[in-house]
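Just below is one structure, and these are the notes that go with it.
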Amino acid sequence: MKPLSAVQRKQQAVVFSVADTLEAQGREELQGMVQCWFDLQYHHFPDSLLLRFQFDDEAALAAAEPELKKWQRRLSAALLKKGVVLKDVRRHLIFTLDGPED
């Protein structure tokens with residue numbers, strides 16, 4: 001795997017910063033949230049960004065589902081503050097039971 005370019009490192013720093021902030025807020029506000037993790041293909045940034053909020057069980061996931069749009073808007077607003085515009089906010093954050101290893 002080749003090292004990241006300066007631009008890719010900057011993109012990674014932005015995504016890590018936003019993901020860490022949203023993860024901290026999510027753990028406070030969403031019952032049963034385990035962690036936040038993401039997938040990103042740097043050559044297709046920001047369209048390829050997908051954040052996932054992982055929940056520990058089906059009941060916690062179902063209880064959090066009505067809040068999904070609010071969290072998608074939060075992601076969009078946080079990235080916009082960093083200079084990144086998402087065209088379709090619904091595609092970039094989901095709630096799931098799967099972990100990064102799944």
Side-chain angles (χ1 to χ4, degrees):
M1 190 167 140
K2 69 181 193 177
L4 298 177
S5 70
V7 171
Q8 290 171 332
R9 285 193 304 270
K10 184 177 176 185
Q11 292 169 342
Q12 184 182 50
V14 166
V15 173
F16 272 123
S17 171
V18 168
D20 287 344
T21 302
L22 288 178
E23 180 178 28
Q25 291 174 352
R27 285 185 179 185
E28 287 179 17
E29 298 179 30
L30 297 170
Q31 200 70 10
M33 184 184 156
V34 176
Q35 65 180 340
C36 172
W37 56 283
F38 66 90
D39 286 329
L40 175 63
Q41 295 174 352
Y42 293 100
H43 56 285
H44 291 295
F45 183 77
D47 290 338
S48 66
L49 176 64
L50 178 58
L51 254 71
R52 293 175 174 92
F53 279 18
Q54 180 183 350
F55 290 86
D56 57 2
D57 60 31
E58 193 69 45
L61 178 63
E65 202 64 42
E67 300 288 314
L68 179 59
K69 288 184 191 228
K70 176 177 89 172
W71 286 95
Q72 290 169 336
R73 286 190 303 269
R74 281 188 185 184
L75 171 63
S76 178
L79 286 172
L80 188 58
K81 286 181 184 176
K82 304 272 186 183
V84 177
V85 177
L86 297 178
K87 293 178 182 168
D88 182 7
V89 297
R90 294 171 298 180
R91 290 187 2 197
H92 299 284
L93 189 141
I94 62 171
F95 291 170
T96 184
L97 295 174
D98 297 335
E101 301 84 26
D102 296 339

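All values derive from a computational prediction rather than experimental measurement.
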Measure the spacing between CH2 of Trp71 and CG of Leu51 and express it to the nearest 0.5 Å.
-> 11.0 Å

Heavy-atom nearest pair, Ser76 first then Leu86, reads CA-CD1, 4.1 Å

Roughly how far apart are Phe53 CZ and Met33 CE, rounded to 0.5 Å?
-> 4.5 Å

Is any side-chain heavy atom of Val14 closer than 4.5 Å to a side-chain heavy atom of Gln11?
-> no

Partners meeting side chain to side chain contact (heavy atoms under 4.5 Å, CB included) with Ser17 (sequence neighbours left out) = Lys82

Beyond-backbone contact of Gln8 with Gln12, side-chain heavy atoms, under 4.5 angstrom | no

Apply the test side-chain contact (heavy atoms from CB on, under 4.5 Å) to residues Gln35 and Arg27: give CA-CA distance (whole Å), side-chain angles for both, the deciding distance (0.1 Å), then the verdict.
-> CA-CA 8 Å; Gln35 65 180 340; Arg27 285 185 179 185; 4.0 Å; yes

Polar side-chain atom of Gln54 near backbone of Val34 as donor-acceptor pair, under 3.5 Å = no

Please answer: with hydrophobic residues joined when any side-chain heavy atoms are less than 4.5 Å apart, are Leu4 and Val15 in the same cluster?
-> yes

If you take all heavy atoms of Leu49 and His92, which pair is closest and at what distance?
-> O-ND1, 2.7 Å

Apply side-chain contact (heavy atoms from CB on, under 4.5 Å) to the pair Arg52 and Asp98, showing each step before the final yes or no.
-> CA-CA 9 Å; Arg52 293 175 174 92; Asp98 297 335; 6.0 Å; no

Output the distance between atom CH2 (Trp37) and atom OG1 (Thr96), rounded to the nearest 0.5 Å.
-> 6.5 Å

Applying side chain to side chain contact (heavy atoms under 4.5 Å, CB included), name anything that partners Leu68, two or more places apart in sequence or on another chain.
-> Glu65, Gln72, Leu93, Phe95

Hey, could you give me the CZ/CD distance between Phe55 and Gln31, rounded to the nearest 0.5 Å?
-> 10.0 Å

Among the clusters formed by ILVMFWY side chains lying less than 4.5 Å apart, do Leu50 and Leu79 turn up in the same one?
-> no

Are Ile94 and Leu40 grouped together when hydrophobic residues (ILVMFWY) are joined by side-chain heavy atoms under 4.5 angstrom apart?
-> no

Nearest heavy-atom neighbours spanning Gly32 and Ala60 = CA-CB, 3.9 Å

Would you mind reporting whether Val84 and Phe45 have side-chain heavy atoms less than 4.5 Å apart?
-> yes

Taking every heavy atom of Ala19 against every heavy atom of Cys36, the minimum-distance pair comes out as O-SG, 4.0 Å

In terms of hydrophobic clustering (I, L, V, M, F, W, Y; side-chain heavy atoms under 4.5 Å; direct or indirect links), are Phe16 and Leu22 co-clustered?
-> yes

Can you find a pair of side-chain heavy atoms, one from Asp47 and one from Arg91, that are under 4.5 Å apart?
-> yes

Would you say Lys70 has more than 12 foreign heavy atoms packed within less than 6.0 Å of its NZ?
-> yes

Residues in side chain to side chain contact (heavy atoms under 4.5 Å, CB included) with Glu58, at least two apart?
-> Leu61, Leu97

